[in-house]
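Beneath this line is the structure, given in structure tokens, with notes to follow.
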Amino acid sequence: MSGLRVIDLTRVLGGPYCTQILADHGADVIKVEPPAGDEVREWGPPFHEEDAAYFVGINRNKRSIGLDLASEGGRVVLLKMLETADVLIENFKPGTLEKWGIGNDVLGKKFPRLVHCRICGFGADGPRGGNPGYDAIIQAMTGMIAATGSPESGPMRIGVPLVDITTGLYAAIGILMALSERQRSGKGQFLETTLYETGLAIMHPHTANYFMHGKPPSLTGNEHPNLVPYAIFPTKTDNIFIGVGNDGTFRKLAKEIGKPELRTDPRFARNKDRIANREALRAELAAVFSQHEAEPLCNRLLAAGLPAGPVQKIDQALTNPHTIARGDIIEKDWYKGVASPIRLDRSKPSLRRVPPKFSQHAAEVLGEFGYSKAEIDAMVEKGTVCGPERKR
């Protein structure tokens, strides 16, 4: 993505996650923050100096400038920046840019090659058009919470902000699609990615099941609604997860764990039989697994091509020998993070910049757009451009 300039007006999670993907792969991402800064700078502890780990984790390889877009002067600076930009990404409430006189109709005419991406909660139209969106609320509204948890726990929120993160991924894909189309047409375009549609889109296989049989999913805890065995089992040491995707794999698992008779048991012959006899099979497998230690058992099953893994905590995952061998942890100065999972053969991701301090690069960025030091100082004095101190 080297040579691509991205003006990033987003805050919180979905948008910054998207632009970090682009930045990791070479894009020049200029993070434009409001005078109070991106609010996730405050979402701690833990903190590095004044910036929370939540902010640090999704804002590397970017430059920051604090700009008051609610002021006419701030919007003039933004338009100047867009003259050489390829992508504008924002997550304002629909109608905000229009209120400021720089809606997509204006931007599309003024910058015909610009790809303008909006991330929002529900879109601009429909009964909930313009409503704000939040990860957990979308999890609740799209059936995700109702499908997660066990009969004992009741419905549960998924423990990572899956909707926000996946919305960022979809936005990155959409931006790349629009840039690819621009190579043919010479024209940019507007694209919208919403948390609500993302939430619906990732509810597989529950939506597919519902369309087929008309029944909402029941709470199955860690088990799979369509596959058995696909669940957590205890061992002598730690829990393990076993996931079997077809009948052949089940027969291979039965042989590998020393229970070949399970292969011919009519209760477990096919996946639909195993679903009907879920509890009986769980008891058979639990009795076997309870005689083994987690790590050696999983290593043996994985080596045999069977899907099994120990249930690890985050510290175990980040220090796992495979994590280290693959170079999945990257470091620079004080910063440590998880590397981009996109591994291209020639065009490798890189860690060029640690996450920026608020408005750290204001003078540098504005100088690149032709502003003199005197002009920059005047804008800082006026409050159009922010110095390093955020407005609390």
Side-chain angles (χ1 to χ4, degrees), residues 6-23 27-78 80-82 85 87-93 96-97 100 102 117-121 132-135 161 164-165 167-168 171 333-335 337 352-369 371 376-392:
V6 179
I7 306 301
D8 178 5
L9 308 186
T10 66
R11 333 175 324 277
V12 190
L13 179 51
Y17 193 86
C18 168
T19 54
Q20 181 169 277
I21 294 171
L22 302 177
D28 175 21
V29 175
I30 300 174
K31 182 178 178 69
V32 179
E33 301 187 57
D38 186 332
E39 58 258 50
V40 299
R41 289 183 183 272
E42 307 283 350
W43 287 14
F47 290 96
H48 173 263
E49 297 178 353
E50 290 194 333
D51 294 325
Y54 204 110
F55 174 88
V56 165
I58 51 174
N59 282 288
R60 65 180 176 234
N61 285 327
K62 305 175 188 179
R63 297 188 288 171
S64 170
I65 173 174
L67 195 60
D68 183 6
L69 294 178
S71 70
E72 183 178 353
R75 295 193 291 273
V76 168
V77 174
L78 174 64
K80 181 69 173 176
M81 296 168 71
L82 291 177
V87 177
L88 169 67
I89 177 168
E90 44 96 358
N91 59 355
F92 291 111
K93 181 179 177 182
T96 300
L97 294 187
W100 289 340
I102 52 172
C117 174
R118 172 182 295 150
I119 292 177
C120 59
Y134 305 91
D135 182 277
D164 277 339
I165 288 173
T167 302
D333 302 331
W334 57 267
Y335 173 82
R352 305 177 307 285
R353 297 175 180 271
V354 301
K357 297 298 180 187
F358 174 70
S359 207
Q360 176 182 346
H361 303 98
E364 174 185 314
V365 167
L366 292 174
E368 292 176 10
F369 289 99
Y371 289 96
I376 296 169
D377 290 343
M379 288 190 288
V380 171
E381 180 68 25
K382 190 176 180 180
T384 300
V385 173
C386 302
E389 295 299 321
R390 283 178 280 159
K391 292 184 179 179
R392 304 289 181 170

Test applied, side chain to side chain donor-acceptor pair (under 3.5 Å); reference residue, T19; option that passes from T10, N59, N61, D8: D8
Closest approach of A27 to R352 (non-hydrogen atoms, all atoms of both residues): O-NH2, 3.5 Å
Validation row: R353, Q360 side chains within 4.5 angstrom (heavy atoms): no
Side chain to side chain, Y371 and K80, heavy atoms closer than 4.5 Å: yes
Closest non-hydrogen atom pair, C18 against I89: SG-CD1, 3.7 Å
Close side-chain approach of L78 and L9, heavy atoms under 4.5 Å: yes
Pairwise distance CD(E90) to OG1(T96) - rounded to 0.5 angstrom: 8.0 Å
Y134 vs P161 side-chain heavy atoms within contact, under 4.5 Å: no
Between CG on residue L82 and CD1 on residue I7, distance to nearest 0.5 Å: 6.0 Å
Whether F92 and W100 hold their rings parallel, tilted or perpendicular, with breakpoints at 30° and 60°: perpendicular
Minimal non-hydrogen separation, R11 against P16, with atom names: O-CD, 3.4 Å
Any side-chain heavy-atom pair of I119 and Y17 under 4.5 Å: no
Heavy-atom neighbours of E364 CD exceed 12 at 6.0 Å: yes
Side chain proximity check, V77 to F369, heavy atoms < 4.5 angstrom: no
Rounded distance (nearest 0.5 Å) linking atom SG of C386 with atom CG of L67: 7.0 Å
From R41, K357, E33, residue fulfilling side-chain contact (heavy atoms from CB on, under 4.5 Å) relative to R390: R41
Heavy-atom pair with the smallest gap, counting every atom of V380 and G387: CG1-N, 4.2 Å
Test item: L366 and I65 side chains (from C-beta on) under 4.5 Å apart, heavy atoms: yes
Smallest separation among heavy atoms of V40 and F55, with atom names: O-CB, 3.7 Å
Residue of the set Q20, K62, R60 for which side-chain contact (heavy atoms from CB on, under 4.5 Å) holds with V29: K62
Considering all heavy atoms, the nearest F358-P34 contact: CE1-O, 3.3 Å
Neighbour count above 12 (heavy atom, 6.0 Å) for E39 CD: yes
Contact check, side chains of D68 and T384, non-hydrogen atoms, under 4.5 Å: no
